Amino acid sequence: MKITIREAIDEDASSIASLSDQLGYTISVEATLQNLQIVNQSPNEMIRVAVHEQKVVGWIHVFLAVRLESASFCEIGGLVVDQQHRRLGIAKQLID
């Protein structure tokens with residue numbers, strides 16, 4: 001199975017909202033788009049999507065975490081893979 005990982009774009013908002021709903025996070029496409037645009041403008045955050053056959057089948061949100069007592073690190077803010085595409089290594093690809 002060929003999976004492409006790329007930066008999330010505005011046109012992905014509907015797919016991202018639908019995937020979020022699979023985990024019980026109900027959010028409108030409009031609110032998802034607004035959040036996506038905010039994150040994409042932040043130099044300390046990123047959203048990547050996993051695409052299979054031109055369909056978004058997963059996403060990950062990562063942000064820079066700065067702590068006074070330790071070195072900076074990246075933290076996962078959210079991660080979901082479509083229920084029909086789980087156990088295929090897509091989450092690992094998103095994390096890598």
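The figures that follow rest on heavy atoms only: side chains count, while hydrogens, waters and symmetry mates do not. Just so you know, these numbers come straight off a predicted model, no measurement behind them.
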Legend entry - Any donor-acceptor pair under 3.5 Å from Arg86 side chain to Val81 backbone: yes
Kindly list each side-chain donor-acceptor pair under 3.5 angstrom involving residues 47-65, sequence neighbours excluded, with atom names and distances?
residue: His52; atom: ND1; partner: Lys2; partner atom: O; Å: 3.1
residue: His61; atom: NE2; partner: Glu45; partner atom: OE1; Å: 2.7

Inset, instruction - Of all the heavy-atom pairs spanning Thr32 and Ala17, show the shortest one and how long it is. - result: OG1-CB, 3.4 Å
Inset, instruction - Examine Val80 and Ile9 and state if one hydrophobic cluster contains both, with Ile, Leu, Val, Met, Phe, Trp and Tyr joined whenever side-chain heavy atoms are less than 4.5 Å apart. - result: no
Inset, instruction - List the steps and the verdict of side chain to side chain contact (heavy atoms under 4.5 Å, CB included) for Asp12 and Arg6. - result: CA-CA 11 Å; Asp12 297 326; Arg6 64 164 171 77; 2.7 Å; yes
Inset, instruction - Test Asn35 against Ile27 for side chain to side chain contact (heavy atoms under 4.5 Å, CB included), laying out the working first. - result: CA-CA 10 Å; Asn35 291 344; Ile27 185 168; 3.6 Å; yes
Inset, instruction - Return yes if some donor-acceptor pair links the side-chain N/O of Gln37 with the main-chain N/O of Asp10 below 3.5 Å, else return no. - result: no
Legend entry - Approximate separation, where rounding is to 0.5 Å, of His85 NE2 and Arg87 CZ: 15.5 Å
Legend entry - ring-ring contact (aromatic ring centres under 6.0 Å, His included): pairs with one or both residues in residues 23-46, sequence neighbours excluded: none
Inset, instruction - Nearest 0.5 Å please: distance from the OG atom of Ser14 over to the CG atom of Leu33. - result: 10.5 Å
Legend entry - Heavy-atom check, side chain of Asn40 versus side chain of Glu7, under 4.5 Å: yes
Inset, instruction - First locate atom CG of Asp21, then atom OG of Ser28, and finally report the distance between them rounded to the nearest 0.5 Å. - result: 11.5 Å
Legend entry - Atom pair CD1/CG of Ile5 and Leu94 - distance to nearest 0.5 Å: 4.0 Å
